[in-house]
Amino acid sequence: MNFSNSIIQWYLKHKRDLPWRDTLDPYKIWLSEIILQQTRVEQGLPYYLKFTDAFPTITDLANASEDIVLKHWQGLGYYSRARNLHHSAQTVRDRFQGRFPSSYSEIISLKGVGEYTAAAIASFSYNLPHAVVDGNVIRVISRVFGVLDPVDSMFGLGEVKSIAARELDLERPALHNQAIMEFGALQCVPVNPNCRDCPLSGVCYAKKMEVVKEIPLKSKKTAVKNLFLYYAVVKYKNGLFVKRRDSEGIWKGLYDFPVLESETPILEEQVLSFFNKEYALSNQAVLTDISPAYRHLLSHRKIEARFFRFEVNNIPSFSLDKANWFSVDKILEKGVPRLIERYFEAINLYK
DNA sequence: AACGCGGGGCT
DNA sequence: AGCCCAGCGTT
């Protein structure tokens with residue numbers, strides 16, 4: 001019994017029932033793959049259901065505004081996925097007459113679709129013989145076949161890709177690809193895999209050499225930097241002044257407030273001075289209070305945020321103009337970072 | 001080739 | 001606290 005047959009046998013017995021496995025619709029398969037990039041199935045599933053409900057076809061998605069798409073994506077993270085999703089829906093609408101492309105080269109030309117996602121769509125939807133290589137596949141192949149080089153290096157990853165292509169079942173690429181990923185997600189898990197009940201334990205290099213804990217080998221470590229956020233929350237009547245984050249970087253496309261960002265702490269006086277300089281707040285707004293620190297952890301940032309709360313009695317003249325004033329109802333229609341969502345919960349904006 | 005980009009769950 | 005997750009785009 002070869003590798004592919006083994007994992008397919010295992011898959012047919014253990015696979016989960018997931019909605020995107022019940023369809024060949026490339027739109028739905030593409031949508032599921034974008035949602036699942038760097039995201040666990042349990043976390044992405046409700047978003048998949050929400051999106052297919054709100055946008056039944058790719059044209060529905062293309063015709064929506066980016067703000068609405070980002071609102072639906074709120075809380076899932078990596079928001080460039082949502083922006084690229086929307087952009088590519090418009091590409092399909094405008095350049096492919098609303099028909100999702102069916103060749104690998106056209107599929108991978110879509111923004112947000114890389115090698116992994118293109119192989120997934122091409123195989124799942126059109127049964128084309130492209131081997132997927134994601135985190136699961138890297139783990140399974142490096143362990144079973146004994147790839148000892150770092151898999152986050154060009155060389156190590158190249159070895160995994162070469163083995164993945166070699167082992168692909170050309171007669172049933174869709175089934176093979178589903179099987180190897182599910183095997184990685186449920187059986188050959190990152191920590192404490194249950195090798196005792198594994199159908200490959202007899203042929204697995206890592207098991208045989210007792211190096212399961214060391215493979216896959218990774219060399220890079222993610223550096224976590226501090227980020228201090230000082231928000232000006234300016235209240236006017238039944239609303240707040242908000243800003244869309246339009247510059248490159250964290251949370252692009254989402255809404256928050258005028259903010260001073262820094263990698264080091266800033267004194268209150270300096271913060272207030274910044275708000276005055278940038279938004280001319282002193283002449284027009286009254287500082288009512290300053291919130292305690294909100295801590296928010298991201299994979300690459302340790303964030304500490306404080307909210308400086310102001311009130312004004314008329315629309316300020318300078319940077320905080322009418323265009324940025326949103327009633328509470330309007331704010332809740334926009335996508336906001338989880339940090340801001342939690343702030344809204346804390347001040348009872350949701351009620 | 002290295003880095004930025006979210007959020008959550010598990011150990 | 002650290003690791004990982006159905007990765008991709010940019011520099």
Side-chain angles (χ1 to χ4, degrees), chain A residues 11 15-16 18-21 28-48 70 73-85 87-88 107-124 130-140 150-158 161 164 174 177-186 188-193 213-214 216-225 227 245 247-254 295-303 335-342:
Chain A
Y11 175 71
K15 68 171 176 168
R16 293 167 289 184
L18 300 172
W20 47 85
R21 287 188 178 147
K28 293 198 171 130
I29 290 169
W30 166 63
L31 173 64
S32 73
E33 291 303 334
I34 302 299
I35 287 175
L36 293 174
Q37 283 169 7
Q38 295 290 282
T39 304
R40 293 166 197 283
V41 165
E42 312 84 70
Q43 190 186 1
L45 182 54
Y47 287 85
Y48 174 82
L70 283 166
W73 201 271
Q74 175 176 308
L76 194 54
Y78 284 149
Y79 297 94
S80 65
R81 291 184 293 172
R83 300 195 308 269
N84 290 335
L85 186 80
H87 178 91
S88 290
I107 293 169
I108 203 173
S109 77
L110 297 173
K111 212 162 187 187
V113 176
E115 276 185 43
Y116 160 74
T117 304
I121 298 169
S123 63
F124 298 157
H130 294 272
V132 293
V133 178
D134 72 331
N136 291 310
V137 174
I138 289 172
R139 189 168 56 255
V140 171
V151 295
D152 52 0
S153 71
M154 283 303 297
F155 187 76
L157 185 60
K161 283 182 182 173
N177 280 339
Q178 289 283 7
I180 189 170
M181 285 198 289
E182 191 79 334
F183 186 79
L186 299 182
C188 195
V189 293
V191 182
N192 296 331
K213 278 210 306 291
E214 335 297 329
L217 179 60
K218 297 193 179 177
S219 50
K220 294 176 195 134
K221 48 208 175 264
T222 49
V224 178
K225 296 204 299 195
L227 179 61
R245 298 180 65 92
S247 50
E248 292 303 322
I250 192 171
W251 298 327
K252 182 180 178 187
L254 300 187
R295 289 175 216 293
H296 188 72
L297 293 177
L298 303 179
S299 349
H300 60 304
R301 289 284 184 277
K302 195 189 305 183
I303 299 176
V336 300
R338 282 288 284 135
L339 168 68
I340 301 299
E341 210 181 338
R342 284 204 258 267

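As the structure is a prediction and not an experimental result, all values here were calculated from the model. Here is how names work: the chains are called A, B, and so on, in the same order as the sequence lines, proteins then strands, and each is numbered from 1.
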Partner of A:W251 under side chain to side chain contact (heavy atoms under 4.5 Å, CB included), chosen from A:L339, A:I340, A:L70: A:L339

Nearest-Å distance, CG (A:D134) to P (C:dA6)? 7 Å

Provide the distance between the two C1' atoms, one in C:dC3 and one in B:dG6, to the nearest whole Å. 15 Å

What's the CE-C1' distance between A:M154 and B:dA2, to the nearest Å? 12 Å

When all nucleic acid strands are considered with a 4.0 Å heavy-atom cut-off, which category describes A:T117: base, sugar-phosphate, or nothing? sugar-phosphate

Set of side-chain hydrogen bond (donor to acceptor under 3.5 Å, both in side chains) partners for A:S32, sequence neighbours left out: none

Rounded off to whole Å, could you give me the NZ-to-P distance for the A:K15 and C:dA6 pair? 18 Å

Taking any heavy-atom pair under 4.0 Å as a contact, classify A:V113: base, sugar-phosphate, or nothing. sugar-phosphate

Identify, with sequence neighbours excluded, every residue that meets ring pair (Phe, Tyr, Trp, His ring centres under 6.0 Å) alongside A:H130. A:Y104

Once you round it to whole Å, what is the distance between P of C:dA6 and CH2 of A:W20? 10 Å

Touch class at under 4.0 angstrom, heavy-atom based, for A:R139 against every strand present: sugar-phosphate

Let me know the distance between NZ of A:K218 and P of C:dC3, rounded to the nearest Å. 10 Å

Rounded to the Å, how far apart are A:M181 CE and C:dC5 P? 13 Å

Side chains of A:Q37 and A:Y78 in contact at under 4.5 Å (non-hydrogen atoms): no

For B:dC5 and C:dC5, measure between their C1' atoms and round to the nearest Å. 14 Å

Please state the P separation for the pair B:dC10 and C:dA6 - nearest whole angstrom. 13 Å

Spacing of CG belonging to A:L31 relative to OH belonging to A:Y48, to within rounding of 0.5 Å: 6.5 Å

Hey, is the main chain of A:H296 close enough, under 3.5 Å, to the side chain of A:R338 for a donor-acceptor pair? no

Rounded off to whole Å, could you give me the CD1-to-P distance for the A:I34 and C:dC8 pair? 7 Å

Protein heavy-atom contacts under 4.0 Å, written 5' to 3' over nucleotides 3-11 of chain B as B (base), S (sugar-phosphate only) or - (none), form the string --BBBBB--

Rounded to the nearest 0.5 Å, what separation is found between the NZ atom of A:K225 and the NZ atom of A:K302? 14.0 Å

For the pair made of CG in A:L85 and P in C:dG7, what is the distance, rounded to whole Å? 16 Å

